[in-house]
Amino acid sequence: MNKSTNDIVAKIKAQVIDTVEAALKAANIEAELPEIEVEVPADKAHGDFSTNTAMKLTRLLKQPPRAIAQTLLDSFDFSGTYIERAEIAGPGFINFFLNPAWRYDGLRAIGEMGNQFGKTEFGKGKKVMVEFVSANPTGPMHMGNARGGALGDSLACAMQWAGFDVTKEFYVNDAGAQIEKFGISLEARYIQLIKGEDAIEFPEDGYQGDDIREHAKNFIEIHGDKYIDADVETRRKALVDYALELNIAALERDLAKYRIIYDVWFRESTIHANGEVAETIEALRKSGLTYEADGALWLKTTEFGCEKDEVLIRANGFPTYFAVDIAYHRNKFEKRGFDQVINVWGADHHGHVARMKGAMDAIGVDSSKLDVAIIQLVRLMRNGEVARMSKRTGKMITMSDLIDEIGVDAARFFFNFRQAGSHLDFDLDLAVAQNSENPVFYVQYAHARICSILRNLAAEGISCKPIAEVDLSLLTAPEEEALIEKLVSLPQEIIAVAQTMEPSKLTRYVLELAGMFHAFYTACRVKCDDDALMQARLTLCNATRTVISNVLEILRIDAPEKM
């Protein structure tokens, strides 16, 4: 059994709930329970865990919080738990103090579960989709895509560890205005390459990248001037059909290089072809929240708290991106049955959240099932200055350029090092530094250092005994106790990531863990004359290696054995 802090927190919560329910029943009060919160106090003098439930019950029970806390305390039954005692503190906190056995049982769980430690059934039975990156397939991926990719992929993996049934999806915008512009841009370059630059003016809002010219050039090598006299629709379709598949394949390759493998690549064109866009428009009409004006069909998004209403069908009869996006989300919930959908969107989509949630309610989907993680902008820094150009090409730094320059490990760690909603200054020099100032290096070095310790002792004929034969109660130094408590909290950390959609919790956790291991190693000699103590410390080293490796696995970062 996983003897993690999550188990202990769950048991404390259950006991608090049972006791509160009994107290309410005794007082003939029927009411919805407040959310029960159990947290780790910042000061260990205040116990191992604490709850403020008594203060939340004050209005309901019409009693002082300390009196409520005393009632709860008198009703607690600690038999069969790790709780040694509990006491009231401050205005009505209840602080729980645990028997040291919980640490040792937690350490044994790590040894028994190995690379499975951290996994729980918290989200069992819940089907979740995480859709992220979904970059426009008309060009290369940029820094926002790189940050969204690291966050979305790590979040999806953490949710899998937390027991959710997770699907990772890339939404391919292979229809609509951007594809039309893509075709016009390709056509202009195609004609210019065959007839000369003056033969056709390149559209002012066209895609200017060299990739468009390269596609047109390669298309000519295959088809020559076959399409030069074809009608516009045929010519553009041939060019788009050729170039779009190459771009999508390139996206897939670059993302795989970034260690992102999707379960589903969902094409927008499918919901146009199968009639789901039209179905969704009809469902919105039936909601009574649409109206016609200026030849267009509008949705009353002002009723969802938005500043203005939004067009669903333009005057030319074509659906807007918003309408198609509603149909896509309807597909996620109604057609494929996801219980929760998480979208990772860029900062420019912030205003889209309220109207999309409102649209879900309008078509009968519970909008609370749709969650959106907004990622803020990234600023690349080199030598203390903003870096806008690739050193290799002298042009914009793409996601692929970044990975080539600093490596996947640094990219994924750094992009998850700050909360998604905060702006990120990405220090390119720090990301490649081989020293303790570089957080990913520091964490990987801790893992490699433990592997080196175990390897060197094994060379001397000293190896870890089976954990059942090790006396873990010898681990009483403050650095040892602190390290164990950090280790066994991993399942709770993973659940917190799933609940908050913040993988940055894991990068901070593993960085703190690495620091605590280095502190332990400095204070506590692993190889010592006391064989029993040495075995206990070897077990602690091995558990630390396991937990660091498991966290890096979730983040898709290498855990090197040598550095």
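Predicted model, so just to flag it, every value in this text is computed and none were measured. These numbers come from the heavy atoms of this one structure, side chains and all, not from hydrogens, waters or symmetry mates. FYI, the numbering just counts along the sequence from 1.
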If we only count heavy atoms from C-beta on, is the Asp366 to Phe333 side-chain gap below 4.5 Å?
no
Can you find a heavy atom in the side chain of Trp161 that is under 4.5 Å from one in the side chain of Ile495?
no
With distance as the sole test, does Asp263 use its side chain to make a donor-acceptor pair with the main-chain N or O of Lys168 at under 3.5 Å?
yes
When rounded to the nearest 0.5 angstrom, what is the spacing between CZ in Phe517 and CG in Leu540?
8.0 Å
For the residue pair Val432 and Glu405, what are the closest heavy atoms and their distance?
CG1-O, 3.9 Å
Look only at the side chain of Asn438 and the backbone of Gln434, and say whether a donor-acceptor pair between them is shorter than 3.5 Å.
no
Lys NZ or Arg CZ of Arg147 over Phe415 ring: under 6.0 Å, within 45°:
no
Minimum heavy-atom distance between Phe413 and Pro439, given as atom pair plus value
CE2-CB, 3.6 Å
Is there a side-chain contact between Leu487 and Phe117 in this structure, where contact means two heavy atoms from C-beta onward sitting under 4.5 Å apart?
no
side-chain contact (heavy atoms from CB on, under 4.5 Å) partner of Arg259, the single match among Asp409, Leu555, Ile403
Asp409
Would you call the rings of Tyr262 and Trp265 parallel, tilted or perpendicular, where under 30° means parallel and over 60° means perpendicular?
perpendicular
Value rounded to 0.5 Å, distance of NE2 in His329 from NZ in Lys335
16.0 Å
In short, Arg412 meets Ile260 closest at the heavy-atom pair NH1-CG1, 3.6 Å
Whether Phe78 and Phe96 hold their rings parallel, tilted or perpendicular, with breakpoints at 30° and 60°:
perpendicular
Taking Ala477's backbone N and O only, do any of them form a donor-acceptor pair with Glu480's side chain (distance below 3.5 Å, no angle check)?
yes
Is it the case that the side chain of Asp429 and the backbone of Asn383 share a donor-acceptor pair, with hydrogens and angles ignored and the cut-off at 3.5 Å?
yes
Tell me whether Lys56 contacts the main-chain N or O of Glu35 through its side chain, where contact means a donor paired with an acceptor under 3.5 Å.
yes
Do the rings of Phe441 and Tyr445 sit parallel, tilted or perpendicular, given the 30° and 60° boundaries?
parallel
Could you go through Ile342 and Val372, starting from their C-alpha distance and side-chain angles, then the distance that decides it, and tell me whether this counts as side chain to side chain contact (heavy atoms under 4.5 Å, CB included)?
CA-CA 6 Å; Ile342 298 173; Val372 180; over 6 Å; no
Just by distance, do the side chain of Ser549 and the backbone of Arg545 share a donor-acceptor pair under 3.5 Å?
no
List the steps, then state whether salt bridge (charged side-chain N to carboxylate O under 4.0 Å, His left out) holds for Arg108 with Asp105.
CA-CA 5 Å; Arg108 288 188 187 94; Asp105 283 353; 3.0 Å; yes
Would you check if Asp77 and Gln15 make a side-chain contact, meaning some heavy-atom pair closer than 4.5 Å?
yes
With a 4.5 Å cut-off on side-chain heavy atoms, are Leu506 and Asn416 touching?
no
Working for salt bridge (charged side-chain N to carboxylate O under 4.0 Å, His left out), residues Arg267 and Glu245
CA-CA 12 Å; Arg267 298 204 175 204; Glu245 293 310 311; 2.9 Å; yes
Under the side chain to side chain contact (heavy atoms under 4.5 Å, CB included) criterion, do Leu457 and Val526 qualify, and how do the steps go?
CA-CA 10 Å; Leu457 288 174; Val526 176; 4.2 Å; yes
Taking everything shown except Lys44 itself, do over 12 heavy atoms lie less than 6.0 Å from its NZ?
yes
Minimum side-chain heavy-atom gap His518-Tyr442 below 4.5 Å
yes
Please find the pair of heavy atoms, one from Ala498 and one from Ala162, that lie closest to each other, and give the distance.
CB-CB, 4.2 Å
Just by modelled atom types, is the His46 backbone N or O under 3.5 Å from a matching donor or acceptor in the Asn95 side chain?
yes
Closest heavy-atom pair, Ser75 versus Thr19, reported as atoms and distance to 0.1 Å, is CB-CG2, 3.3 Å
Under 3.5 Å donor-acceptor, Gln535 side chain and Ser463 backbone
yes
Do the side chains of Asp339 and Lys127 get close enough for a salt bridge, i.e. N-O under 4.0 angstrom?
no
Interatomic distance, CD1@Ile450 vs CZ@Arg455, rounded to 0.5 Å, equals 12.0 Å
Within a radius of less than 6.0 Å around CD of Glu37, do more than 12 heavy atoms belonging to other residues, nucleotides or ligands occur?
yes
Is atom CG of Asp74 surrounded by more than 12 heavy atoms (other residues, nucleotides or ligands) closer than 6.0 Å?
yes
Nearest 0.5 Å, what's the CZ-CZ distance between Arg537 and Phe520?
6.0 Å
Starting at OH of Tyr258, measure out to CE of Met141 and round the result to the nearest 0.5 Å.
10.0 Å
Contact between Asp425 and His423 at the side-chain level, heavy atoms closer than 4.5 Å - yes or no?
no
Aromatic rings Tyr328 and Tyr171: how do their planes relate, parallel, tilted or perpendicular, breaks at 30° and 60°?
parallel
Could you walk me through whether Asn343 and Lys332 satisfy the side chain to side chain contact (heavy atoms under 4.5 Å, CB included) test, starting with their C-alpha distance in whole Å, then the side-chain angles of each, then the deciding distance to 0.1 Å, before giving a yes or no?
CA-CA 11 Å; Asn343 295 333; Lys332 293 178 181 184; 2.9 Å; yes
Give a yes or no on this: more than 12 heavy atoms of other residues, nucleotides or ligands lie within 6.0 Å of atom NE2 of His350.
no
When you measure from the side chain of Asn542 to the backbone N and O of Thr539, does any donor-acceptor pair fall under 3.5 Å?
no
Run the numbers on Phe49 and Val40 for side chain to side chain contact (heavy atoms under 4.5 Å, CB included), then give the verdict.
CA-CA 5 Å; Phe49 297 97; Val40 178; 3.7 Å; yes
Atom CG in Asp558, atom CD in Glu553: separation rounded to 0.5 Å?
9.5 Å
Do the side chain of Lys505 and the main chain of Glu493 share a donor and acceptor less than 3.5 angstrom apart?
no
Is a donor from one side chain sitting under 3.5 angstrom from an acceptor on the other, for Thr167 and Glu169?
no
Counting C-beta onward and ignoring hydrogens, is there a side-chain heavy-atom pair between Ile557 and Gln444 closer than 4.5 Å?
yes
Non-hydrogen atoms of His447 and Ala559 that approach each other most closely:
CE1-O, 3.4 Å
Let me see the working for Lys527 and Glu460 under salt bridge (charged side-chain N to carboxylate O under 4.0 Å, His left out), right down to the final yes or no.
CA-CA 11 Å; Lys527 184 184 177 184; Glu460 298 179 32; 2.5 Å; yes
Report, as yes or no, whether the 6.0 Å neighbourhood of atom CD on Glu385 holds more than 12 heavy atoms from other residues, nucleotides or ligands.
no
